[in-house]
Chemist: 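What follows is a single structure, and I will ask about it in a moment.
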Amino acid sequence: MMREFNVTGICVPNMHYMVDISEKVEKIFKMVESAKYFTINRGRQYGKTTTIGRLRKRLSDDGNYICVSISFQYATRRMFADEEGFCQGFLNTIVDTMEINDPEEARKWADKSVTDMKLLSKFITNLCRNSPKRIVLIIDESDEASNNDLFVQFLKMLRDKYLFRNAGDDFTFHSVILAGVYDVRNLKQKLILTGEYSPNEGESAMNSPWNIAVDFNIDMSFSAKEIETMLVEYENDYHTGMNISEIAQEMRFYTNGYPYLVSRICVLIELELDRNWTLEGVQQAIKLILEERSTLFDDLIKKIEESRELSNLLYDLTIGRFQYPYNVDNPVMNLGIMFGFLTKGKDGLQIHNRIYEIRIADYFVSKNLSAWREQDIAQSPAYEIIKNNVFDMELCLKKFKKHYAEIYTDKDRKFLERDGKLLFLTFLKPLINGRGFYHFESETRDYGKIDLVIDFLKQQFILEMKLWYGDSRHEDAYDQLAGYLKSKNIDRGYLLTFDFRKNGDDSFTESQWIEWDGCQIFDVVLRVGRMN
């Protein structure tokens, strides 16, 4: 049977092309060997279930472990009705999971007399004391039950047994692994976010029944080298002639190794783009991803709309108004990281990947575009800016300047100072929609400045947007843009500056081409303070 790329459910080596994650699995195995209890919490479709499947095989191959792996994804209401329902549901789930491959071991877990947590604790003690092998418990989709008091009691029981075991006073699971989106150490945060719990005055939202868990710091994203391992397997079957290293690096560049997004690009190239394994093919796949509905993006937008604080944070990071240093005590930042929307970059908090960044920016742009339409503001003249599939960026900026002046009023000043960049993206988006996209160069950001890379069919434009901080700083922007253009082997770029001074000299013409350090730069200054 020929293998295929997979984005639904667990990946199986003989059925699917897979990234080689053996090094990651080996690191997790070492944690199990050391009898650690821990949580694998990552964003949706981040490869948790596939990783657990590979870990189970590693434990089985070792020969010293019995792996009890279950999922709470399809747990019934009856299981959480009372203690007896939970205890029997827990044991029955184990029996159902194990009896296919190890019916003899499965029978050891079938005990109808276990009707409360105390009896379940004794049952686990006896089973682990008498087992010839170390027993490892893995619970996938554990956060499906994390808002249930019985599950919290169960975790407290496991925690107590762990502590007693380490003191030599009990027998229990050698290692326990919980997997899900939410870290069970943040149970109260989940309940508060979903409106299921309101803390009392002075009550901490951070206490946990799972404070014995060690940190899980293994990077589950795919590096370019790891992506290559999957493409090599595919190339060995189909001989497309792709440049494997180049394609892997391009996928990593846009996805930051997010497992679902890497695999989705591969699926689209294979099934929708006639196996166009080129850089252009990767970008075409990204365009399709940006336009499609999926549970991954549905969850992203849902979380944005549910939390004003998270929405504001994502807006600031995406549109580029502020740079935030990561703060370990900031619950909103930690939620964004837990969901997989954010990551801790070397210069502060960042959107996890460029595809997320574009999707989030498009969301805010669409909200702003709706507001424009309500005010009957004319849309950008695509028929003038795009001719014969050639995009005229110089004309685009001139038209935007005119458009910007037409919508400016004194009462809008505060909004324009804060969101002028959003207005340009709102102007740009309808022009490139369907034939191009943009992304931000987060590595080059600082306060008040953002580099925007715009891809339109086979054209690419580098645009720097900044605020006016004086003539010398404006010349610094020339230096920065020229340096970035050279790093990309491009000799032409664009600079868009928002100037909100009420008064100022005219030492800079408002729109001009200049030559700077061997590069051609089209310099556009919007002197907002003197437009009306």
Chemist: Taking Arg359 for the side chain and Leu290 for the main chain, is one N or O donor matched with an acceptor at less than 3.5 Å?
Modeler: yes
Chemist: For residues Leu342 and Leu313, determine if any side-chain heavy atom of one lies less than 4.5 Å from a side-chain heavy atom of the other.
Modeler: yes
Chemist: Any side-chain donor paired with an acceptor under 3.5 Å for Lys161 and Ser121?
Modeler: yes
Chemist: If only atom types and distance count, is the side chain of Tyr37 paired as donor or acceptor with the main-chain N or O of Phe173 below 3.5 Å?
Modeler: yes
Chemist: Could you check whether any side-chain N or O of Ser142 sits under 3.5 Å from a backbone N or O of Ala179, counting only pairs where one atom can act as donor and the other as acceptor?
Modeler: yes
Chemist: Could you check if a side-chain atom of Val12 sits within less than 4.5 angstrom of a side-chain atom of Asn6, using non-hydrogen atoms only?
Modeler: no
Chemist: Salt-bridged, Asp160 to Lys156, with N to O below 4.0 Å?
Modeler: no
Chemist: Looking just at side-chain N and O atoms, do Thr255 and Asn353 make a donor-acceptor pair shorter than 3.5 Å?
Modeler: no
Chemist: Rounded to the nearest 0.5 Å, what separates atom CE in Met157 from atom CG in Leu120?
Modeler: 4.0 Å
Chemist: Of all heavy-atom pairs between Ile10 and Gly53, which one has the smallest distance, and what is that distance?
Modeler: CD1-CA, 4.1 Å
Chemist: Taking CD in Glu291 as the centre, count heavy atoms belonging to other residues, nucleotides or ligands within less than 6.0 Å. Is the count above 12?
Modeler: yes
Chemist: If we only count heavy atoms from C-beta on, is the Phe90 to Ile70 side-chain gap below 4.5 Å?
Modeler: yes
Chemist: When you measure from the side chain of Asp140 to the backbone N and O of Thr49, does any donor-acceptor pair fall under 3.5 Å?
Modeler: no
Chemist: Which heavy atom of Asp329 sits nearest to which heavy atom of Pro331, and what is that distance?
Modeler: O-CD, 3.1 Å
Chemist: With ring centroids as reference points, do Phe253 and His439 lie under 6.0 angstrom apart?
Modeler: yes
Chemist: Looking only at heavy atoms, what is the nearest atom pair of Ala285 and Leu268, with distance?
Modeler: O-CD1, 3.5 Å
Chemist: Looking at Tyr438 and Ala361, what are the two nearest heavy atoms and their distance?
Modeler: OH-CB, 3.6 Å
Chemist: Hey, what do you get for SG (Cys67) to CG (Leu59), rounding to the nearest 0.5 Å?
Modeler: 5.0 Å
Chemist: Calculate, to the nearest 0.5 Å, the distance between atoms CD1 and CD1 belonging to Ile265 and Ile227 respectively.
Modeler: 8.0 Å
Chemist: Applying ring-ring contact (aromatic ring centres under 6.0 Å, His included), can you list everything that pairs with Phe437, at least two apart in sequence or on another chain?
Modeler: Tyr254
Chemist: In the structure I gave you, are the side-chain heavy atoms of Val19 and Ser263 within less than 4.5 Å of one another anywhere?
Modeler: no
Chemist: Hey, does Leu296 have a side-chain heavy atom less than 4.5 Å from the side chain of Tyr258?
Modeler: yes
Chemist: Do Gln249 and Met251 pass the side-chain contact (heavy atoms from CB on, under 4.5 Å) test, and can you show the C-alpha distance, the side-chain angles, and the key distance before you say yes or no?
Modeler: CA-CA 5 Å; Gln249 289 176 21; Met251 289 184 182; over 6 Å; no
Chemist: To the nearest 0.5 Å, what is the distance between CG on Asn256 and CD1 on Ile351?
Modeler: 11.5 Å
Chemist: Does any N or O in the side chain of Lys287 come within less than 3.5 Å of the main-chain N or O of Arg435, such that one atom is a donor and the other an acceptor?
Modeler: yes
Chemist: Report the relative orientation of the aromatic rings in Phe216 and Phe38; use parallel for angles under 30°, tilted for 30 to 60°, perpendicular for over 60°.
Modeler: parallel
Chemist: Measure the spacing between CZ of Arg44 and NZ of Lys303 and express it to the nearest 0.5 Å.
Modeler: 5.5 Å
Chemist: Walk me through whether Phe86 and Phe154 qualify under ring pair (Phe, Tyr, Trp, His ring centres under 6.0 Å).
Modeler: CA-CA 9 Å; Phe86 180 87; Phe154 175 67; 5.2 Å; yes
Chemist: Under a 3.5 Å threshold, yes or no: a donor from one side chain and an acceptor from the other, between Thr318 and Asp316?
Modeler: no
Chemist: Walk me through whether Met31 and Lys27 qualify under side-chain contact (heavy atoms from CB on, under 4.5 Å).
Modeler: CA-CA 7 Å; Met31 295 178 71; Lys27 291 178 182 178; over 6 Å; no
Chemist: Only one of Met230, His16, Arg54 forms a side chain to side chain contact (heavy atoms under 4.5 Å, CB included) with Cys11, so which one is it?
Modeler: His16
Chemist: I'd like to check Tyr315 versus Ile304 (side-chain heavy atoms, cut-off strictly below 4.5 Å). Are they in contact?
Modeler: no
Chemist: Is there a donor-acceptor pair closer than 3.5 Å between any side-chain N or O of Asp299 and the backbone N or O of Thr295?
Modeler: no
Chemist: For Tyr260, what residues pass the ring-ring contact (aromatic ring centres under 6.0 Å, His included) criterion, not counting sequence neighbours?
Modeler: none
Chemist: Would you check if there is a donor-acceptor pair between the side chains of Tyr17 and Glu270 at a distance under 3.5 Å?
Modeler: no
Chemist: Between Tyr46 and Asn41, does any side-chain donor sit less than 3.5 Å from a side-chain acceptor?
Modeler: no
Chemist: Between Tyr326 and Gln350, does the side-chain hydrogen bond (donor to acceptor under 3.5 Å, both in side chains) criterion hold? Intermediate values first, please.
Modeler: CA-CA 9 Å; Tyr326 171 67; Gln350 296 177 355; over 6 Å; no
Chemist: If the condition is salt bridge (charged side-chain N to carboxylate O under 4.0 Å, His left out), which residues does Lys48 pass it with, not counting sequence neighbours?
Modeler: none
Chemist: For Leu317 and Glu357, which heavy atoms make the closest approach, and how far apart are they?
Modeler: O-OE2, 4.3 Å
Chemist: Are Glu226 and Arg252 within salt-bridge range, i.e. N to O under 4.0 Å?
Modeler: no
Chemist: For Asn327 and Met333, which heavy atoms make the closest approach, and how far apart are they?
Modeler: N-SD, 3.5 Å
Chemist: Quick check: do Val524 and Thr497 have side-chain heavy atoms less than 4.5 Å from each other?
Modeler: no
Chemist: Determine, stepwise, if the pair Tyr494 / Leu452 fulfils side-chain contact (heavy atoms from CB on, under 4.5 Å).
Modeler: CA-CA 10 Å; Tyr494 302 83; Leu452 188 70; over 6 Å; no
Chemist: Assess whether side-chain contact (heavy atoms from CB on, under 4.5 Å) is satisfied between Ile358 and Phe440, documenting all intermediate values.
Modeler: CA-CA 8 Å; Ile358 298 168; Phe440 307 104; over 6 Å; no
Chemist: Looking at CD of Glu272 and CG of Leu288, how far apart are the two atoms once the value is rounded to the nearest 0.5 Å?
Modeler: 7.0 Å
Chemist: Please answer whether the main-chain N or O of Lys429 pairs with a side-chain N or O of Asn433 as donor and acceptor at a distance below 3.5 Å.
Modeler: no
Chemist: For residues Glu306 and Ser311, determine if any side-chain heavy atom of one lies less than 4.5 Å from a side-chain heavy atom of the other.
Modeler: no
